[in-house]
Amino acid sequence: MSKKRGHFETAVIHEGYDSKNMLGSLTPPIFQTSTYTFETAEQGERRFAGEEDGYIYSRLGNPTVRILEDRIAVLENGEKGLAFGSGMAAVSAVLVALTKANDHIVCSSGLYGCTFGLLSMMKEKYNMKTDYIDMKTKAELRAAIRPETAVIYVETPINPTMRLVDLEMVAEVAKEHDIPVVVDNTFSTPYLQRPLELGCDVVIHSATKYIGGHGDVIAGLAVGKQSFIDLVARTTLKDMGGVISPFDAWLLLRGLKTLPVRLDRHCDNAEKIVEKLKKHHNIAHIYYPGDKHNPDFAIMEKQMKRGGGVISFEIKGDKKCAQKLLNRLAFMKIAVSLGDAETLIEHPATMTHAVIPAETRGEMGISDQLIRLSVGLEAWQDIWSDLEQALNQI
Ligand code: LCS
């Protein structure tokens, strides 16, 4: 991996790629190949034995994918990156690599529904227990750790409640017990937050979201120490097989070039919408880390550049009112996912987090009145006027 070149805004465009090595092609080529030829049988033997560098088969490595992996490693300030066919492929490959039957995981109280589903499946199949805790104090975290705790798994901001976890605090406690901290950095991206710089061990992304940024790719990424990422590459990625396609890697390289520009606009728009929402009579609560009045604002200032592009809010009313709000929108799209140019709105309790039992959802703060808004890149005035007219009707 090459050394970080210039500022973040420069690295997203140039890192990991040198056009001199690719016939002067400004944009990285798409190596759309499944396999690679060997000059001789002995060369094939050397490559499989790891005695000679070079490509073998695209599940084990691909030049387009490698550029992406090198770039994300630099952006997250980690030793090595790895790309996957989805965010869930990244989450599962990392978690399976770090755990064995009967282990214990400490997890933030609230996380993406399918990650919760994966942890539930691991409990059923391998007797692995997970405790979901607020992670607000060192004492609370220390009390949750057991001899068989293998991983501390954190989402921050948490999907969909937008609560934050103090990553430096978590990393400090984890070090006392020598437990790796895995952080899902999907909502922030390395532009807003870099968990490895705060002492955490592995970063995961659903690159489907802000990193791709255009709603046209499903992909995942992980970054960490070279020894750990190499282990994942040759075990849970290679053998479970959740690899990314070269074309999707190319789409992410393209998306990354505009990440800082897009995220600044997402944040600008979100801040404007929060101010408007605060004054609306049908809003009960707003959850946005970039808001001065948010209880997690101090953590935001400590570890994030800005509050991000997602706002969650509770409306006054019930589930029917929440659904009515979505149905009354004119141009805004009802859809899961987030981080796209288009503003997307969804109802977590019945969509992204429906898999979580109602009681646990309640404990995590995912009420029937909660709405998640991924503020897009449209003019904020248009986003607000659509939202306002729908809110007026519930
Ligand atoms: N981690 C987080 C925080 C996510 O929000 C998601 C997907 C994943 C991991 C999984 O990534 P994927 O496999 O989909 O690339 N979150 C979604 C959401 O909130 N709405 O639709 C998908």
Side-chain angles (χ1 to χ4, degrees), residues 68 72 76 82-96 107-121 132 151 153-165 167 182-190 192-193 195 200 202-223 236-237 240-245 248-249 251-252 255 266 287 289 304 308-312 326 333-340 342-356 361 364 366 370-376:
L68 170 68
I72 192 66
E76 285 287 4
L82 203 57
F84 300 82
S86 71
M88 286 316 303
V91 173
S92 54
V94 166
L95 282 180
V96 171
C107 193
S108 52
S109 177
L111 74 175
Y112 174 53
C114 293
T115 309
F116 181 90
L118 173 73
L119 291 168
S120 306
M121 183 173 73
Y132 297 92
V151 183
Y153 188 91
V154 183
E155 258 182 40
T156 180
I158 292 175
N159 183 1
T161 55
M162 299 307 289
R163 289 180 188 158
L164 303 187
V165 174
L167 291 175
V182 178
V183 181
D184 186 326
N185 203 25
T186 297
F187 275 51
S188 297
T189 82
L192 300 181
Q193 169 175 282
C200 301
V202 183
V203 167
I204 287 176
H205 286 280
S206 168
T208 312
K209 312 291 160 32
Y210 290 103
I211 288 183
H214 295 75
D216 49 16
V217 58
I218 299 278
L221 295 165
V223 183
T236 49
L237 175 58
M240 298 201 302
V243 288
I244 191 170
S245 79
D248 287 349
L251 283 172
L252 295 186
H266 282 297
Y287 305 97
M304 292 173 75
V310 179
I311 305 165
S312 287
L326 268 54
K333 307 292 181 231
I334 308 172
V336 296
S337 203
L338 55 107
D340 294 336
E342 296 83 359
T343 295
L344 304 179
I345 193 162
E346 67 120 1
H347 184 237
T350 57
M351 296 178 186
T352 46
H353 295 72
V355 53
I356 303 175
R361 267 203 318 265
M364 290 177 169
I366 308 169
L370 189 76
I371 304 279
R372 192 187 74 188
L373 181 71
S374 169
V375 181

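Order of listing sets the numbers, starting from 1, for every ligand and every atom in it.
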Quick test: of every protein heavy atom, which one is nearest to [atom], and how far off is it to 0.1 Å?
{"atom": "atom 8 (C) of ligand 1", "result": "Y112 CD2, 3.4 Å"}
{"atom": "atom 15 (O) of ligand 1", "result": "T208 OG1, 2.6 Å"}
{"atom": "atom 5 (O) of ligand 1", "result": "N159 ND2, 3.0 Å"}
{"atom": "atom 3 (C) of ligand 1", "result": "D184 OD2, 3.3 Å"}

Which of the numbered atoms in ligand 1 are under 4.0 angstrom from any heavy atom belonging to [X]?
{"X": "S206", "answer": "6 (C), 8 (C), 9 (C), 10 (C), 11 (O), 12 (P), 15 (O)"}
{"X": "L338", "answer": "19 (O)"}
{"X": "V336", "answer": "20 (N), 21 (O)"}

Which value, rounded to the nearest 0.5 Å, describes the distance between [X] atom [atom1] and [Y] atom [atom2]?
{"X": "I218", "Y": "K209", "atom1": "CD1", "atom2": "NZ", "value": "7.0 Å"}
{"X": "L252", "Y": "H214", "atom1": "CG", "atom2": "NE2", "value": "11.5 Å"}
{"X": "I366", "Y": "S109", "atom1": "CD1", "atom2": "OG", "value": "8.5 Å"}
{"X": "L251", "Y": "D216", "atom1": "CG", "atom2": "CG", "value": "5.0 Å"}
{"X": "S108", "Y": "D184", "atom1": "OG", "atom2": "CG", "value": "8.5 Å"}
{"X": "Y287", "Y": "L373", "atom1": "OH", "atom2": "CG", "value": "15.0 Å"}

Could you tell me whether ligand 1 has any atom less than 4.0 Å away from a heavy atom of [X]?
{"X": "A219", "answer": "yes"}
{"X": "R372", "answer": "yes"}
{"X": "S337", "answer": "yes"}
{"X": "K209", "answer": "yes"}

Proximity of L111 to ligand 1 by residue part, where a heavy atom lies under 4.0 Å: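 Neither part.
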Heteroatom proximity flag, [X] to ligand 1, N/O under 3.5 Å:
{"X": "E155", "value": "no"}
{"X": "F187", "value": "no"}
{"X": "T352", "value": "no"}
{"X": "M88", "value": "yes"}

Could you check whether E346 pairs with R372 (Lys NZ or Arg NE/NH1/NH2 to Asp/Glu carboxylate O, under 4.0 Å)?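 A salt bridge is present here (some side-chain N lies under 4.0 Å from a carboxylate O).
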Pair N185-E76, side-chain donor/acceptor within less than 3.5 Å: yes
Just jot down the ring pair (Phe, Tyr, Trp, His ring centres under 6.0 Å) partners of Y210, sequence neighbours excluded, or say none.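 If we apply the ring pair (Phe, Tyr, Trp, His ring centres under 6.0 Å) test to Y210, skipping adjacent residues, the hits are H266.
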For residues 110-119, which side-chain N or O atoms pair as donor and acceptor with protein atoms under 3.5 Å away, sequence neighbours left out?
none

